[in-house]
Peer 1: 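Attaching a single structure in C-alpha cells format; questions to follow.
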Amino acid sequence: MEKLLNLLADGHFHSGEELGDSLGVSRAAVWKKLKGLEELGLILDSVRGKGYRLGRGIELLDQSKIESGLDKSLLNRIKLHTCFSTGSTNDLVKELSDDESGSMTFCLAEHQTSGRGRRGRTWVSPFGSTISMSANWRISEGTASLEGLSLAVGLAVLKALEANGARNIELKWPNDVLWQGRKLSGILLEVHGDPTGECDVIIGIGINIKLSEDQKKGIGQPAVDLHEVCGKTVSRNAVVSQLINTLSHTLDGFTHGGFALYRDQWSEYDAFRGQEVNIEAAGRKEKGVNVGVNEQGGLLIKTETGVKVFNGGEVSLRKS
Ligand code: ATP
C-alpha cells in the first residue's frame, strides 16, 4: 500500500494497468489496495479511461528530506522514525526509545488510529493531512522541574510554524496554537517513570497541514490548517525539520533556565491577554480577566476576589 501511495502522491491520474505493472501485481490486487487507501480516509478520484488519482495530492513523510532540514548540530543527537500508521505516536515513541543511546527519539506517523488529546479526548489525524509527531525527552530531576514545559513547547511549535510562513498565530494557555480563534495545533505531554527522579517526558504534537472541509467539520471545535493560514501549500517535511530544530533548542534552553526564559516571548503571543475569560478547573467555574502567566507557566486571572493562579492539567480556558 505504501508503494501504491508513493505512485499516487503526485496527484496525477494513473491507470490500473500502469499501477499493476509498477507494483508487479494484478489489476484486481491494485483495486483491493485502492479500497484499502479509501478506508484510511484518503479521497480517490476514479475516471473511466484515465484511471485513479489522489484528489488533492499528498506530500508523504520523507526521512531524508526531514534530515536535510535539520540543524547540523542535531544530526548525532536524535533518532528519527517515520511510519505509515500507528495507534498513537505518543505510545510508539515510548516503545521505541532506547534506554542506552542517550539520543532523543522522534516518531512520526502518516496516520494515527487513536490519536488523543487531554483527558482522553480524541485528536483527529487523517492520513497524510497533519503532522503527528512525538518525542521522548529523558530527565533526571523529577516532575517538579517540568513547570511551564508545556507552554515552552507551544512556543517552539509556534516558532516552527512562523518559520514556514504562518503569520498572526497565537497561543492559548497552556499550549494550543490558534489562528483567528481556530485551532491549528495541539500538544499532549505525558510523563512516565519516577516523579521525583528519572522520568520520560513524552511530548506529542499535532499540527493540521491540509484537511478537507468535511474533516474540519468533524472536529468538535473550530479548526484550521496551515494551508489556509499561509494561503498556499506548505511542505510537511520542511515543517517537521523546523519543528525538531525549534523543539530541541527550546528543551536545551529549558534545561538551563526553565520557563522563565520564555515567559516574555510567550506573553507576546497570548491570544487572550487582557481579555475576559471563563475558567473551568476540577468542576469549578471562574470568570475574570487574563492578566498573563507567571515564571512557572501558571495562568493569572484577576477575579473579584483578587488574582488567582491556575496551573495545567485539569484547567480549561475559554474566551467569555
Ligand atoms: P481545553 O478544553 O482544556 O482548552 P481542548 O478542548 O483544546 O482543551 P485538548 O485535549 O487540548 O482539548 O485537545 C482535544 C480537542 O481538540 C478535541 O476534543 C477536539 O475538540 C479538538 N481537536 C481534535 N482534533 C483536532 C485537530 N486535528 N485540529 C484541531 N482541533 C482538534
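Below, all heavy atoms of this structure are taken into account, side chains as well, without hydrogens, waters or symmetry copies. Worth saying up front: this structure is predicted, and the values here are computed from it rather than measured. Indexing begins at 1, ligand by ligand and atom by atom, following the structure's order.
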Peer 1: Can you tell me if R116 contacts ligand 1 (heavy atom of the residue under 4.0 Å from the ligand)?
Peer 2: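 Not so, R116 does not reach ligand 1.
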
Peer 1: Taking 4.0 angstrom as the limit and counting only heavy atoms of Q221, give me the atoms of ligand 1 inside it, by number and element.
Peer 2: 5 (P), 6 (O), 7 (O), 15 (C), 16 (O), 19 (C), 20 (O), 21 (C)

Peer 1: Could you list which atoms of ligand 1 come closer than 4.0 Å to a heavy atom of S316?
Peer 2: 1 (P), 2 (O), 3 (O), 4 (O)

Peer 1: Measuring from non-hydrogen atoms of T130 to any atom of ligand 1, is the shortest distance under 4.0 Å?
Peer 2: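 T130: no contact with ligand 1 (<4.0 Å).
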
Peer 1: So which atom in L74 and which in I244 form the shortest heavy-atom distance, rounded to 0.1 Å?
Peer 2: CD1-O, 4.1 Å

Peer 1: Would you mind checking which non-hydrogen protein atom is closest to atom 16 (O) of ligand 1, with the distance to 0.1 Å?
Peer 2: K183 NZ, 3.2 Å

Peer 1: Determine, step by step, whether W137 and L146 satisfy the side-chain contact (heavy atoms from CB on, under 4.5 Å) criterion, reporting the C-alpha distance in whole Å, the side-chain angles of both residues, the deciding distance to 0.1 Å, and the verdict.
Peer 2: CA-CA 11 Å; W137 189 42; L146 298 177; 4.0 Å; yes

Peer 1: Taking the side chain as everything from C-beta on, heavy atoms only, tell me whether V25 gets closer than 4.5 Å to K32.
Peer 2: no

Peer 1: Give the numbers and elements of all ligand 1 atoms closer than 4.0 Å to a heavy atom of N208.
Peer 2: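 Here the atoms of ligand 1 in question are 26 (C), 27 (N), 28 (N), 29 (C).
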
Peer 1: Heavy atom of V315 under 4.0 Å from ligand 1?
Peer 2: yes

Peer 1: So which heavy atom on L37 is nearest to which on L8, and how close?
Peer 2: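 Looks like CD1-CD1, 3.9 Å.
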
Peer 1: In terms of side-chain heavy atoms, does N90 have a donor or acceptor partner in S134 at a distance below 3.5 Å?
Peer 2: yes

Peer 1: Which residue holds the protein heavy atom closest to atom 30 (N) of ligand 1, what is that atom called, and what is the gap in Å?
Peer 2: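 Here the closest protein heavy atom is I219 CG2, 3.5 Å.
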
Peer 1: Where the closest heavy atom to atom 10 (O) of ligand 1 is concerned, which of R118, Q215, R119, R182 has it?
Peer 2: R118

Peer 1: Assess K172 for proximity to ligand 1: is some non-hydrogen atom of it under 4.0 Å away?
Peer 2: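 The answer is yes: ligand 1 sits under 4.0 Å from a heavy atom of K172.
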
Peer 1: Which pair of heavy atoms, one from V234 and one from E59, lies closest together, and at what distance?
Peer 2: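 Smallest heavy-atom distance, with atoms named: O-OE1, 4.2 Å.
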
Peer 1: List every atom of ligand 1 that sits less than 4.0 Å from any heavy atom of G117, numbering the atoms from 1 in the order shown and giving each element.
Peer 2: 10 (O)

Peer 1: Starting from atom 12 (O) of ligand 1, what is the nearest protein heavy atom, named by residue and atom, and what distance separates them?
Peer 2: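 Here the closest protein heavy atom is R121 NH2, 3.3 Å.
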
Peer 1: Any idea which atoms of ligand 1 are less than 4.0 Å away from a heavy-atom of D176?
Peer 2: 7 (O), 11 (O)

Peer 1: Yes or no: does R318 have any heavy atom under 4.0 Å from an atom of ligand 1?
Peer 2: yes

Peer 1: Have a look at ligand 1 and work out which part of V124, if any, has a heavy atom under 4.0 Å from it: side chain, backbone, both or neither.
Peer 2: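 Contact part for V124 vs ligand 1: both backbone and side chain.
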
Peer 1: Write down the atom of V315, the atom of R119, and the distance for their closest heavy-atom approach.
Peer 2: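 The answer is O-NH2, 3.8 Å.
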
Peer 1: Classify the contact between T122 and ligand 1 as side chain, backbone, both or neither, using a heavy-atom distance cut-off of under 4.0 Å.
Peer 2: backbone

Peer 1: Can you name the nearest heavy-atom pair linking K172 to L317, along with the distance?
Peer 2: NZ-O, 3.2 Å

